[in-house]
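Single-structure report; data block below.
Here, residue 1 is the first one in the sequence, and each next residue gets the next number.
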Amino acid sequence: MATKLLSPDYIFESSWEVCNKVGGIYTVLSTRAKTLQVKFEDRIIFIGPDFGEHSNQYFTEDGSFFKEWKVKTIEEGLLLRIGRWNVPGYPIAILVDFNQYYNQKNEIYGWLWEHYKVDSLHAYGDYDEASMFSYAAAKVVESFYDFYLDKSKKVIYHGNEWMTGLGLLYINNKRPQIATIFTTHATSIGRSIAGNNKPLYDYLFAYNGDQMSWELNMQSKHSIEKQTAMNVDCFTTVSDITANECKELLDKPVDFVLPNGFENDFVPKGEEFTLKRKAARERIFNVSNALLGTDLGDDTLIVSTSGRYEFRNKGVDIYIETMNRLLRDNRLQKKILAFIKVPGWVGEPRQDLIDRIKSGEKYDTPLPIPMITHWLHNMSQDNVLGMLKYMDMYNRKEDNVKLIFLPCYLDGKDGIFNMKYYDIVLGNDLCVYPSYYEPWGYTPLEAIAFKVPCITSDLAGFGLWANSELGRYGEICDGVKVVHRTDYNYSEAVDKIKDTIVEFSNLPETEVKKARGNADKLSKKALWSNFIKYYYQAYDFALRKAEDRKCE
């Protein structure tokens with residue numbers, strides 16, 4: 001008979017991305033919140049950084065929460081705001097101001113070295129900021145626990161990424177009756193190896209994480225991440241590929257893999273979906289034709305890639321190369337309008353493009369530099385524009401493949417498209433995410449949720465998951481084509497992606513419909529309702545370790 005899982009009475013979960021939309025971790029936490037809120041109603045409390053922006057659109061302050069404790073926190077010198085996170089489920093969120101702790105930075109780092117041998121001497125960049133937030137978040141958990149809870153309660157503190165490591169170690173030391181869980185969504189040293197154009201996978205077994213941290217000037221981040229992994233009750237990551245990375249580079253196997261699910265309640269249904277897709281395509285063609293001086297219509301294949309601006313890690317280099325080779329592929333029977341939607345160092349939207357769009361006229365000549373929608377501060381140093389120039393890709397009139405760089409966050413206020421990312425992505429015919437380094441990969445999962453078939457790689461956690469669900473390598477007719485990538489098969493991978501785009505462009509409408517339906521079906525297997533069980537197992541694992549300590 002299976003042992004009943006221990007369930008927490010309270011869960012505190014901290015991340016730099018709570019009520020702070022920066023990247024994929026925001027999506028992980030904000031979509032999982034609803035599932036946890038249903039099960040642990042108002043006993044799941046998220047903790048994020050407070051930047052003093054009282055107009056934070058993701059957070060609504062509520063003075064009625066924990067009034068007595070709030071008085072105590074003021075006495076203790078904690079600076080925080082309590083309210084709800086404006087995401088489905090509306091869980092309780094605490095935003096904490098961490099600036100006051102900079103004055104104690106040296107003492108905090110000294111304590112960290114004394115107790116856990118964490119090297120903070122080589123800190124730079126965001127290390128101090130993250131560490132002070134992490135310390136402040138832990139002080140919030142400690143204060144709440146001391147005010148409301150005791151050893152009779154099963155309590156979990158869950159931190160995401162190295163940025164919460166200091167706080168996890170603080171709780172581990174100061175309140176050992178609280179069970180600790182640490183999730184690394186990508187090891188800092190693995191991401192750095194990949195981002196520095198070093199072969200990560202073929203040599204993973206031979207890399208020494210400590211030695212590489214010195215070589216790449218990553219000692220402090222690597223040190224806090226490794227010591228946190230070693231000392232928490234439960235160490236987790238998001239995919240098998242990153243679990244292997246943790247074992248090799250952090251010298252600590254993970255206890256659980258917690259795959260990233262999502263909620264699909266943001267996907268429009270029925271007639272609304274059809275109308276939104278039509279509106280997205282109209283907007284895409286209006287902007288593109290104004291920029292390019294073309295008359296592209298609905299029979300054009302709209303393709304895009306998106307994500308953080310990690311040129312090699314996200315496969316932006318491979319994507320551009322693919323489009324370049326497609327220019328000379330005579331099997332292509334449709335015109336292609338391809339987009340790179342990654343936020344660069346954006347300056348301002350192009351006024352000449354705005355003027356053309358507003359005029360509503362048709363133009364037969366392109367604007368100058370017809371590869372970009374917004375001016376950048378670093379036009380001459382930008383990687384995307386640099387590669388387009390190197391490959392002589394200027395969206396000429398005769399080119400059947402046009403490639404446009406959209407270098408800003410699609411928040412509905414970019415000045416050109418003025419539509420949110422989710423409202424544009426459903427206008428695509430195909431999405432391409434050929435990542436070299438991608439612990440999970442929300443962008444392909446979001447694409448298929450909108451019934452847009454996608455191409456990804458088997459170096460992405462999502463790609464591996466898709467293969468495991470299908471029992472083989474995914475093909476485009478499955479809704480997800482998974483391309484094999486290694487450290488050294490760049491050119492072969494480009495050709496495989498190119499051939500898949502050609503194949504898809506030539507499919508009859510019935511087959512396209514089938515691929516879109518299969519994409520939709522596969523996305524539903526990644527709902528949180530299917531993945532949350534892994535979290536419950538991790539909670540049980542961590543709580544049992546904490547229970548053992550209580551008995552010592």
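- Taken to the nearest 0.5 Å, the CZ atom of F133 stands 11.0 Å off from the OG atom of S131.
- Outside the 6.0 Å centre-distance limit, the rings of Y442 and F462 are not counted as a close aromatic pair.
- Using bins of under 30°, 30° to 60° and over 60° for the plane-to-plane angle, the ring pair F311/Y309 lands in the tilted bin.
- Within the 4.5 Å cutoff, side-chain heavy atoms of N56 are placed close to those of C19.
- Within the 4.5 Å cutoff, no side-chain heavy atoms of F46 are placed close to those of I94.
- Y127 meets the side-chain hydrogen bond (donor to acceptor under 3.5 Å, both in side chains) test with S120; sequence neighbours excluded.
- Within 6.0 Å of the CZ atom in F266, the count of heavy atoms belonging to other residues, nucleotides or ligands exceeds 12.
- For the atom pair OG1 (T373) and CD1 (I416), the distance works out to 6.0 Å, reported to the nearest 0.5 Å.
- Side-chain N/O atoms of E282 and N286 include no donor and acceptor closer than 3.5 Å.
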Check your understanding: After noting the C-alpha distance and the side-chain angles of D411 and K420, does the key distance pass the salt bridge (Lys or Arg N to Asp or Glu O under 4.0 Å) rule?
Key -> CA-CA 5 Å; D411 57 3; K420 292 188 174 177; over 6 Å; no
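- Residues Y319 and I340 form a side-chain contact, since some pair of their non-hydrogen atoms from C-beta on lies under 4.5 Å apart.
- Close placement of the Y26 and W85 rings is indicated, their centers lying within 6.0 Å of each other.
- Here the CG-CZ distance, from L292 to R356, works out to 9.5 Å after rounding to the nearest 0.5 Å.
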Practice item. Show your reasoning for whether side-chain hydrogen bond (donor to acceptor under 3.5 Å, both in side chains) applies to Y436 and S457. Key: CA-CA 8 Å; Y436 174 76; S457 82; over 6 Å; no
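- With hydrogens and angles left out, the side-chain atoms of N86 and Q57 include no donor and acceptor closer than 3.5 Å.
- Residues E310 and N313 have side chains that bring a donor and an acceptor to within less than 3.5 angstrom of each other.
- Counting only N and O atoms by type, the side chains of S491 and D495 include no donor and acceptor under 3.5 Å apart.
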Exercise for review: Determine, stepwise, if the pair E225 / T187 fulfils side-chain hydrogen bond (donor to acceptor under 3.5 Å, both in side chains).
Suggested key: CA-CA 8 Å; E225 187 171 35; T187 69; 5.1 Å; no
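- Scanning both residues, S192 and L216, for their nearest heavy atoms gives OG-CD1, 3.6 Å.
- Ion pair K334/D299 not flagged as a salt bridge, since none of the NZ, NE, NH1 or NH2 atoms sits closer than 4.0 Å to an Asp/Glu carboxylate oxygen.
- Taking the six-membered ring wherever Trp is involved, the centroid distance between the rings of F51 and W16 falls below 6.0 Å.
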Point to revise | Check against salt bridge (Lys or Arg N to Asp or Glu O under 4.0 Å), E469 and K521 | key: CA-CA 11 Å; E469 284 295 320; K521 275 185 216 155; over 6 Å; no
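- For residues 396-405, the side chain to side chain donor-acceptor pair (under 3.5 Å) pairs, not counting sequence neighbours, are D392-R396.
- The closest side-chain heavy-atom distance from T183 to T237 is not below 4.5 Å.
- Defined by atom type and a distance below 3.5 Å, a donor-acceptor pair is present between the side-chain atoms of T35 and E263.
- For E321 and R325, the salt-bridge test passes: some basic side-chain N is under 4.0 Å from an acidic carboxylate O.
- The line from SG of C408 to NE2 of H374 is 3.5 Å long, rounded to the nearest 0.5 Å.
- Nearest heavy-atom pair, P268 versus K276, reported as atom, atom and distance to 0.1 Å: CG-CD, 3.9 Å.
- Ring pair Y422/F450: centre-to-centre distance below 6.0 Å.
- Side-chain N/O atoms of W465 and S239 include no donor and acceptor closer than 3.5 Å.
- Annotation: the span from T456 atom OG1 to N467 atom CG amounts to 9.5 Å, rounded to 0.5 Å.
- Between K198 and D487, none of the side-chain N atoms (NZ, or NE/NH1/NH2) sits under 4.0 Å from a carboxylate O, so this pair counts as no salt bridge.
- Closest approach of N428 to V452, counting heavy atoms only: O-CG2, 3.7 Å.
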Practice item. Kindly indicate, with the supporting measurements, whether the criterion side chain to side chain contact (heavy atoms under 4.5 Å, CB included) is fulfilled by I369 and R350. Key: CA-CA 11 Å; I369 320 178; R350 295 182 59 160; 4.2 Å; yes
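- Side-chain contact between H484 and K496 is absent, with no heavy atoms from C-beta onward closer than 4.5 Å.
- A 4.5 Å side-chain heavy-atom check between Y488 and Y201 finds every atom pair outside the cut-off.
- Contact annotation: the side chain of K314 never approaches that of T305 to less than 4.5 Å [non-hydrogen atoms, C-beta and beyond].
- A 4.5 Å side-chain heavy-atom check between K34 and Y90 finds every atom pair outside the cut-off.
- Under the 3.5 Å distance criterion, the side-chain polar atoms of D50 are matched with a main-chain donor or acceptor of G52.
- Atoms CD and CZ, on E511 and R516 in that order, are 14.5 Å from each other to the nearest 0.5 Å.
- Remark: the Y490 side chain and the T486 side chain contain no N/O donor-acceptor pair separated by less than 3.5 Å.
- Within a 6.0 Å sphere centred on OH of Y390, heavy atoms belonging to other residues, nucleotides or ligands number 12 at most.
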